[in-house]
> 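The structure is given below, and queries will be raised subsequently.
As the structure lists them, so they are numbered: ligands from 1, and atoms in each ligand from 1. For the numbers below, each heavy atom of this structure counts, side chains included, while hydrogens, waters and symmetry mates do not.
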Amino acid sequence: MTHPAFEKLEKNFNQTKNLEMKTLFQEDKNRFEKFHLELDDMLVDFSKNRITDETFSCLIELAKEKKLERAIKAMFSGEKINTTEQRAVLHTALRNLSKKPIFVEDVDVMPEINRVREKMHHFSDSVRNGTFKGYTGKPFTDVVNIGIGGSDLGPVMVVKALKKYKPAHLNFHFISNVDSTDMVETLKDLSPETTLFLVASKTFTTQETMMNATSAKKWLLAAFNGDEKAISSHFVALSTNKEAVVKFGIDAENMFEFWDFVGGRYSLWSAIGLSIMIAIGYENFMDFLKGAYEMDIHFQNAPFEKNIPVILGLLSYFYITFYKAETTAVLPYDQYLERLPAYLQQASMESNGKSITKEGKKVTSPTGAILFGEPGTNGQHSFYQLIHQGTHLIPCDFIASIFSQNELENHQNVLLSNFLAQTEALMKGKTLAEVQEEGTPAHQLQHRVFDGNRPTNSILFDKMTPHALGRLIALYEHKIFVEGVLFNVDSYDQWGVELGKQLAKNILPEIEDKEKPLAHDASTNALIERVRTRRG
Ligand code: F6P
């Protein structure tokens, strides 16, 4: 099989890889005009990338060669594109605000989605206005989400990002780690009478979540002399597994369902987002969905040359495949987006950290990049040194909102000046001649040179609103989808998390019972022995 677009792109890479972006900017006064896109108040500048006009058109041709258009249609129409699990991938249905039906195996999924959302609406209102009360009749002051992975990272990121929209009388907490410290430290200042637990687990079998939920139940029952009737006033479940929810002791009435066509790391739009809806209220939650829905419309309809997720996905693929860039950074210049990098680590790395193609063959090129990040300007005083002068090429996404929601003197101007300066510095660098001109002492000269030519995207929007956040998350979801199509991997399974889980199950009884014989490798045996002897 021939791949003319890929070969053309490869040829273009070989011709352009040594070009300097700063020269490209000097030569083409229209470069920014050509290489930026806008969607309402969101501007995406991708002009500081190592591409020429020809690279850009090769990338667009490649997307066509890889049948991206067909793949997008397949996802939105409910085809089972998660082939290894034989599932549709329809997180987009959760924010389908059109009146159009969406079918999975000939059944329109929209009525059920809308029914559960309405149930969430009533419930979140009743927690917010205090009509849904704890067992002793007190309104809730604290909502604790117990979940892990996609049942934690999305909700925690969004609740933090939209803190400005949270009512003052409600506090939100997230327990994910099976380390008891997480639970003990969270619950130590809470009162069982006014604490509501949301047990969030798609499968309702995840070891960490089930263990944490069981301990939370004990904590609650201890305060009510073991009166199990208290559970229905303090526990709700967000899950696809009704049987396990009921078995755990949560009333089916207190369950908010979702379905297997919603992947865990794409589930914050579903019942898993109940903590978000309680925190920001139904109307804001709808705005959040609307932002995502608008990105869905853009992604489905904009031609590839003007399609933001398509372009960001193509660029990422380009650096990973040709420049062998192994890492990427997401750098939000908005404190509210503090947890965005952690959220995107799962979204991206659990989706595209694969080495087997959809046809079951070993890939021949690298796939998903290692993602990291911190809010600006904290990162600047930490790892930016390596991004500026290290030996690795690290394409970065810089994200900022123009207006602060907590204006304090000149802070926002300083923040934005840093945001703008960083991408300029990464692109331009600093030559030896420039360093010399500054009168730098000889022993420092080489050390103060910046090669530059380091690629960045800038994503800039007005304000961190529910709408803007929904749009931003959907943008990344679709970018990850595009990368998956280009890498030809199943972005919606996660078999890579299974082996560790399995082995932990074998080791647990060996920690509990000191007499059990050990049959691991010498290192694992010795480590288990060490734990056994030190614990006595
Ligand atoms: O880490 C594996 C994983 O299956 C994730 O994909 C998922 O988000 C997380 O565990 C939690 O799963 P659940 O929601 O079923 O508890």
Side-chain angles (χ1 to χ4, degrees), residues 81-91 94 116 120 144-159 174-179 182-183 197-217 235-250 255-276 339-354 367-368 370-371 473 476-477 480-481 484 489-505:
I81 62 164
N82 176 355
T83 47
T84 70
E85 295 181 312
Q86 273 300 295
R87 288 179 185 165
V89 174
L90 273 179
H91 44 280
L94 299 161
V116 175
M120 289 165 69
V144 180
N145 187 85
I146 298 178
I148 198 163
S151 301
D152 167 75
L153 289 161
V156 72
M157 182 270 286
V158 175
V159 168
F174 294 83
I175 298 174
S176 54
N177 199 337
V178 76
D179 183 340
D182 200 5
M183 169 152 300
F197 290 100
L198 314 179
V199 184
S201 175
K202 178 175 172 180
T203 54
F204 231 73
T205 57
T206 304
Q207 187 190 38
E208 294 89 334
T209 302
M210 289 304 106
M211 197 162 198
N212 280 330
T214 304
S215 298
K217 196 159 79 175
F235 274 84
V236 303
L238 324 173
S239 186
T240 58
N241 187 349
K242 196 170 195 168
E243 209 183 311
V245 167
V246 173
K247 199 162 159 220
F248 178 83
I250 297 180
M255 170 174 169
F256 296 82
E257 317 162 63
F258 62 111
W259 310 271
D260 75 359
F261 56 78
V262 180
R265 53 192 173 273
Y266 298 89
S267 63
L268 55 83
W269 321 98
S270 72
I272 290 292
L274 185 60
S275 56
I276 302 172
R339 293 288 288 171
L340 182 70
Y343 163 78
L344 288 177
Q345 276 176 340
Q346 188 203 14
S348 173
M349 290 160 77
E350 205 174 67
S351 295
N352 288 333
K354 311 280 164 72
T367 59
I370 301 154
L371 189 150
I473 299 170
Y476 275 101
E477 286 179 346
I480 292 164
F481 169 86
V489 297
D490 182 342
S491 301
Y492 299 99
D493 61 14
Q494 55 285 317
W495 302 107
V497 302
E498 294 300 326
L499 181 58
K501 282 193 209 172
Q502 237 173 44
L503 297 192
K505 282 208 176 98

> Look at ligand 1 and say whether Glu208 reaches it with a heavy atom at a distance under 4.0 Å.
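So Glu208 does not count as touching ligand 1.
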> Tell me the closest heavy-atom pair linking Tyr492 and Asn82, and the distance in Å.
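Where Tyr492 meets Asn82 most closely, the heavy atoms are O-ND2, 3.1 Å.
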> Closer than 4.0 Å to some heavy atom of Ser201 - which atoms of ligand 1 meet that?
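Near Ser201, meaning under 4.0 Å from one of its heavy atoms, ligand 1 has 13 (P), 14 (O), 15 (O), 16 (O).
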> Answer yes or no: does atom CD of Glu498 have more than 12 heavy-atom neighbours from other residues, nucleotides or ligands under 6.0 Å?
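Counting other residues, nucleotides and ligands, CD of Glu498 exceeds 12 neighbours.
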> Using a 4.0 Å cutoff against the non-hydrogen atoms of Val497, which atoms of ligand 1 qualify?
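Checking each atom against Val497, I get 1 (O), 2 (C).
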> Evaluate Thr240 against Asp260 for side-chain contact (heavy atoms from CB on, under 4.5 Å), listing each step before the verdict.
CA-CA 7 Å; Thr240 58; Asp260 75 359; 5.5 Å; no
> Show me which atoms of ligand 1 lie under 4.0 Å from any heavy atom of Gly149.
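In order of number, 8 (O).
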> Which atom names give the shortest non-hydrogen contact between Asn212 and Ser176, and what distance separates them?
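Minimum heavy-atom contact is ND2-O, 3.4 Å.
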> Pick whichever of Ser151, Gly264, Gly150 has a heavy atom sitting closest to atom 8 (O) of ligand 1.
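Closest candidate by heavy-atom distance is Gly150.
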> When you measure from atom 5 (C) of ligand 1 to each heavy atom in Arg265, Gln494, Gln207, Glu350, which option holds the nearest one?
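Of the listed residues, Glu350 has the closest heavy atom.
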> Whether the Ser351 and Tyr266 side chains hold a donor-acceptor pair (N or O, under 3.5 Å, no angle test) is what I'd like checked.
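Yes, a side-chain donor-acceptor pair sits under 3.5 Å.
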> Please examine the side chains of Trp269 and Glu477, heavy atoms only from C-beta on, and report whether any two atoms are closer than 4.5 Å.
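With C-beta onward as the side chain, the pair touches.
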> Minimum heavy-atom separation for Leu268 to Ile276, with atom names?
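Smallest heavy-atom distance, with atoms named: O-CD1, 4.0 Å.
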> Identify the closest protein heavy atom to atom 11 (C) of ligand 1: which residue and atom is it, and at what distance?
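Going atom by atom, the protein heavy atom closest to atom 11 (C) of ligand 1 ends up being Ile148 O, 3.2 Å.
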> Considering only the protein, which heavy-atom contact is closest to atom 15 (O) of ligand 1, and what is its distance?
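For this ligand atom, the closest protein heavy atom is Thr203 OG1, 2.6 Å.
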> Which residue and atom name correspond to the protein heavy atom nearest atom 12 (O) of ligand 1, and how close is it?
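Residue, atom and distance for the closest contact: Thr206 OG1, 3.5 Å.
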